[in-house]
Chemist: 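Pasting a structure here, questions to come.
Atoms within a ligand are numbered from 1 in the order they appear, just like the ligands themselves.
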Amino acid sequence: PKPHWCYDSHCDYNPAYWHKLPESHCDGKSQSPINIDTHSVMMDDTLGSFKFTNFDNKDAIKYITNTGHTVECVLKDNMVEVSGGGLKHVYSTLQFHFHWGTEAPSSQGSEHTVDSHRYPMELHIVSKRKDLSLDEALQEPDGLAVLGFFIEAKSTSSSKSEMIPWTKLTEYFSAIENISAEVEVTEQISIDDLLGSVNRDSYYRYSGSLTTPSCNEAVVWTVFKETVKVDQNLMEMFPKYTAYEDTYRPVQKVNDRKIYSTSA
Ligand code: SG4
Ligand code: ZN
């Protein structure tokens, strides 16, 4: 059986011991997440706009699952794509998932931090190089592209149309209270709807890893500067219906890596 890993002290393999897991890269020199020190980032004019293919498709989510570590929304094969944005390849989007604290939205649960500020939640949209299998991609430094968006609670009450996609998504959570449960998605929900009006041209870029075991150093990271705003009642659904623990890895050493930023 595979050894269990977790985020806090309730299991043998918490983040301080992830490097002892089989096939682990978790003690590498290019690990994620990191703290982004905004005063030491390097402006890079070549970091332009992304091309998001089928982010507006309302039938792209195949099912939602409780992995025991996160809520993951798995997309239909070869439908959604990401390119541009300084990426050197076309990437096929596989899934998106979330990281949160024990009491989102009031607690802090993002993986990346900015000038040591930790946001309530973080959304990760995971894409794989189209020309490689997942196994191959995990062996390449740019095999995966993950888009990270911080999520914050809306301060004012949300307009109905902005709430609807997140309401639809979180309504599925009651069907996945058990670990490894899956629920097919029939509601119309697009990634564009979930992201709303967030600015996608303003972001940080660095080379890193998966933030969970086996921590493969295969990820081109994009962390967007502007936060996605979600109604706080809906953010509360995340810790309620899945693991009652923080679901973020502590920040890792930057070492000799450079963190780039769009000029905007
Ligand atoms: C989550 O645990 C996902 O469920 C994993 O997806 C994902 O691993 C892992 O996070 C790491 O991704 O963006 N946080 S992260 O670095 O995408 C992969 C699956 O296991 C390989 C399918
Ligand atoms: Zn993640």
Side-chain angles (χ1 to χ4, degrees), residues 2-8 11 13-15 18 21-26 28 30-34 61-77 80 82 87 91-101 104 108-113 118-130 132-151 169 173 176 179-183 191 194 203-224 228 238 241-243 245-252:
K2 275 197 172 171
H4 287 289
W5 59 268
C6 65
Y7 288 102
D8 59 23
C11 77
Y13 292 101
N14 61 58
W18 286 359
L21 289 162
E23 319 280 318
S24 176
H25 305 268
C26 301
S30 298
Q31 290 290 294
S32 295
I34 57 167
I61 305 175
K62 192 157 61 176
Y63 62 91
I64 306 179
T65 181
N66 173 355
T67 68
H69 304 293
T70 188
V71 171
E72 189 175 307
C73 302
V74 178
L75 304 183
K76 292 176 181 162
D77 292 337
V80 179
V82 177
L87 300 171
Y91 290 77
S92 176
T93 306
L94 306 175
Q95 47 107 339
F96 59 89
H97 63 266
F98 303 86
H99 299 267
W100 61 79
Q108 308 299 300
S110 71
E111 295 218 288
H112 290 92
T113 58
R118 191 179 298 283
Y119 291 90
M121 290 182 62
E122 190 169 331
L123 159 65
H124 287 160
I125 304 174
V126 181
S127 308
K128 166 194 77 69
R129 256 173 66 176
K130 232 182 139 176
L132 301 177
S133 69
L134 181 56
D135 282 349
E136 289 168 341
L138 288 169
Q139 313 303 321
E140 296 295 327
D142 62 357
L144 299 171
V146 184
L147 309 179
F149 291 92
F150 297 119
I151 298 176
L169 190 80
F173 289 6
I176 54 164
I179 292 175
S180 74
E182 292 178 10
V183 59
I191 300 174
L194 294 168
Y203 56 86
Y204 303 108
R205 165 63 45 76
Y206 79 98
S207 296
S209 74
L210 297 177
T211 64
T212 64
S214 318
C215 310
N216 300 60
E217 295 183 338
V219 181
V220 181
W221 273 99
T222 304
V223 177
F224 291 86
V228 174
F238 286 81
Y241 283 110
T242 56
E245 60 170 355
D246 290 331
T247 63
Y248 62 89
R249 185 189 194 189
V251 293
Q252 305 294 303

Chemist: Does Y248 approach ligand 1 within less than 4.0 angstrom via side chain, backbone, both or neither, non-hydrogen atoms only?
Modeler: neither
Chemist: Taking only residues two or more places apart in sequence, or in another chain, which ones meet F224 in a side-chain contact (heavy atoms from CB on, under 4.5 Å)?
Modeler: F50, L147, F149, R200, Y203, T222
Chemist: N/O of T67 under 3.5 Å from N/O of ligand 1, yes or no?
Modeler: no
Chemist: What pairs meet the salt bridge (Lys or Arg N to Asp or Glu O under 4.0 Å) rule with one or both residues in residues 138-147, with sequence neighbours excluded?
Modeler: R129-D142
Chemist: Mind checking what makes side-chain contact (heavy atoms from CB on, under 4.5 Å) contact with I179, not counting sequence neighbours?
Modeler: N66
Chemist: May I ask you to list the atoms of ligand 1 that are less than 4.0 angstrom from any heavy atom of V126?
Modeler: 13 (O), 17 (O)
Chemist: Applying side-chain contact (heavy atoms from CB on, under 4.5 Å) between Y248 and each of M121, E122, H112, E111, report the one that passes.
Modeler: E111
Chemist: Please identify which atoms of ligand 1 are closer than 4.0 Å to at least one heavy atom of H99.
Modeler: 14 (N)
Chemist: So which bit of T70 gets within less than 4.0 Å of ligand 1, heavy atoms only: side chain, backbone, both or neither?
Modeler: side chain
Chemist: From atom 14 (N) of ligand 1, work out which of T211, T247, T212 has a heavy atom at the shortest distance.
Modeler: T211
Chemist: Under 2.8 Å from the Zn ion (ligand 2), which protein N/O/S atoms are there?
Modeler: H97 NE2, H99 NE2, H124 ND1
Chemist: Just so I know, are the side chains of Y7 and H99 near enough to count as touching, which here means a heavy-atom distance under 4.5 Å?
Modeler: yes
Chemist: Indicate, as side chain, backbone, both or neither, the part of E72 found under 4.0 angstrom from ligand 1 when only non-hydrogen atoms are considered.
Modeler: side chain
